[in-house]
Amino acid sequence: MKKKRFYNDKKRNTKWTEPERGRKIYFADKYIESDNGSDKFDNRRPKEKKPVFTRDRMLGFAKWLVAVAGCFVIISIGYTLMDIYIDRNAMPITENEIDADNGISNVSLRIKGCTIESLTMDNGVLLSAVIDNVQNNGYTGACFDIKRDDGTIGYSSALATVDMYGAQSSPASDAAGSVNNLIQNDILPIGRISCYKDTVFANSDLSAGILVDGELYQDSDGNAYLNPDSETVYDYIKGLVEEVKLMGVTVFVLDNCDLPSEISEGYNDGFDALSEKLSADFNGEVKFMQGVSITLTGTDEKEIEQEWTEKTQNTDNDNAVYYINTKNKEAVKTLLNSRENINYIIIE
């Protein structure tokens, strides 16, 4: 029996029928060659075309769009808050920045205000109620009496003349603190001065009053008037302005600047003469506005508009602020807010 032969691997790969040529071929050769492919036919092979609008691409674009929109919103909010902060915390005008030709006296204001009683300026509960009322009714300013029509003073004044004449009556308990509180709540504090109508001062110092035939003049309502040409009278008004200015008030309404027609001849009365002199003395740091008192009796918007036109047709003063007494406050505000450059203070 022939013995079977088995082969093993002892001499495997030790001898070849042909010698080895070239080099070993690796899978990554096509990516490291200088040409585009590993052979000349690689570029001709069909490539798989991917769709332009895929789910991944759309999600990526959406994320990018949301990020851009978010950045825009954040920047917009930031600029808005910055503007509000700057408006509320702006540095006051310094003395170096103000001169007679460049000061608040030449600034054009738009006043939409109401009156407040001196007693409410307690910088406490009463003032908080006033601030809420001013803001809820859309007013931007609050006007209080520095010197009332009868000559009484509405705040605690340290002027010797006020004490001498006993002019102080029902004063504000904390006028300075209340003024600061109004400013902090974006409400313009306005001081009103009845300039020449002043029974208290005129009766206390006859040399400062208007005399007719040696007697103190009084109108049909019993009001006495001060002499516009008197330096004592001017210094008195100037002293009141200076004192209240230190509290933070920079806008003043000068009312009752004109004497009654029967006694005005020969006197240098009027708003222009007084405001020009005061503006020069305060170097343009204070804004003086002419008070024009008006009573509107109309009950609806049409009647109020007609009455307003009739009573203001002869008033042509950029510095005028109308001191309005009316029962229909909302109709008056609607009418005046629709017109440009009209300043008003409604008596509450």
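- A donor-acceptor contact shorter than 3.5 Å is absent between the side chain of N133 and the backbone of A129.
- A donor-acceptor pair is defined here as one N or O able to donate and one able to accept, closer than 3.5 Å; no such pair exists between the side chain of T152 and the backbone of R148.
- Note on L226 and M164: same hydrophobic cluster, where clusters join Ile, Leu, Val, Met, Phe, Trp and Tyr whose side-chain heavy atoms are under 4.5 Å apart, directly or indirectly.
- Comment: K333 engages E330 in a salt bridge, judged by a side-chain N to carboxylate O separation of less than 4.0 angstrom.
- In this structure, D122 contributes its side chain and L127 its backbone to a donor-acceptor pair below 3.5 Å.
- I346 places none of its side-chain heavy atoms less than 4.5 Å from the side chain of Y322.
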### Query
Yes or no on side-chain contact (heavy atoms from CB on, under 4.5 Å) for L240 and L159, after CA distance, side-chain angles and deciding distance?
CA-CA 8 Å; L240 295 174; L159 294 178; 3.6 Å; yes
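- Judged by distance alone, with hydrogens and angles left aside, the side-chain atoms of Q168 form a donor-acceptor pair with the main-chain N or O of S157 at under 3.5 Å.
- Checking I347, I345, L336 one by one against I324, the side chain to side chain contact (heavy atoms under 4.5 Å, CB included) holds for a single residue, L336.
- Within the 3.5 Å criterion, the main-chain N or O of S207 finds a donor-acceptor partner in the side chain of D205.
- Using modelled atom types and a 3.5 Å distance limit, the side chains of K112 and N343 yield no donor-acceptor pair.
- The ring-ring contact (aromatic ring centres under 6.0 Å, His included) analysis of residues 127-183, with sequence neighbours excluded, yields the pairs Y165-F201.
- For the side chain to side chain donor-acceptor pair (under 3.5 Å) test with Y234, the passing option among D281, N227, D229 is D281; the others fail.
- Listed for the N325 side chain is no donor-acceptor partner under 3.5 Å among the backbone atoms of T295.
- E285 contributes atom CD, which lies 10.0 Å from atom CD of E242 (distance to the nearest 0.5 angstrom).
- A donor-acceptor contact shorter than 3.5 Å links the side chain of K147 to the backbone of C195.
- Hydrophobic clustering (ILVMFWY, side-chain heavy atoms < 4.5 Å, transitive): Y267 and I237 are in one cluster.
- Taking CD1 from I342 and OG1 from T312, the interatomic distance works out to 7.0 Å, rounded to the nearest 0.5 Å.
- With hydrophobic clusters built from ILVMFWY side chains whose heavy atoms lie under 4.5 angstrom apart, L119 does not share a cluster with V162.
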### Task
Apply side-chain contact (heavy atoms from CB on, under 4.5 Å) to the pair L188 and I190, showing each step before the final yes or no.
CA-CA 6 Å; L188 178 68; I190 306 166; 4.1 Å; yes
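- A chain of hydrophobic side-chain contacts below 4.5 Å, direct or via other Ile, Leu, Val, Met, Phe, Trp or Tyr residues, connects V233 to V212.
- Here side chain to side chain donor-acceptor pair (under 3.5 Å) pairs that include residues 210-221, with residues two or more places apart or in two chains, are Y217-E262, D219-N223, D219-Y225.
- Ion pairing between E303 and K327 fails under the 4.0 Å rule for side-chain N and carboxylate O.
- Listed for the K245 side chain is no donor-acceptor partner under 3.5 Å among the backbone atoms of V251.
- Applying the 6.0 Å contact sphere to CD of Q135 captures more than 12 heavy atoms from other residues, nucleotides or ligands.
- Of the possible donor and acceptor atoms, one in the side chain of E307 sits under 3.5 Å from a partner among the backbone N and O of G298.
- Under a 3.5 Å cut-off, the side chain of N123 and the backbone N or O of D174 do not form any donor-acceptor pair.
- Looking at R192 and D149, a side-chain N of the basic residue comes within less than 4.0 Å of a carboxylate O on the acidic one, giving a salt bridge.
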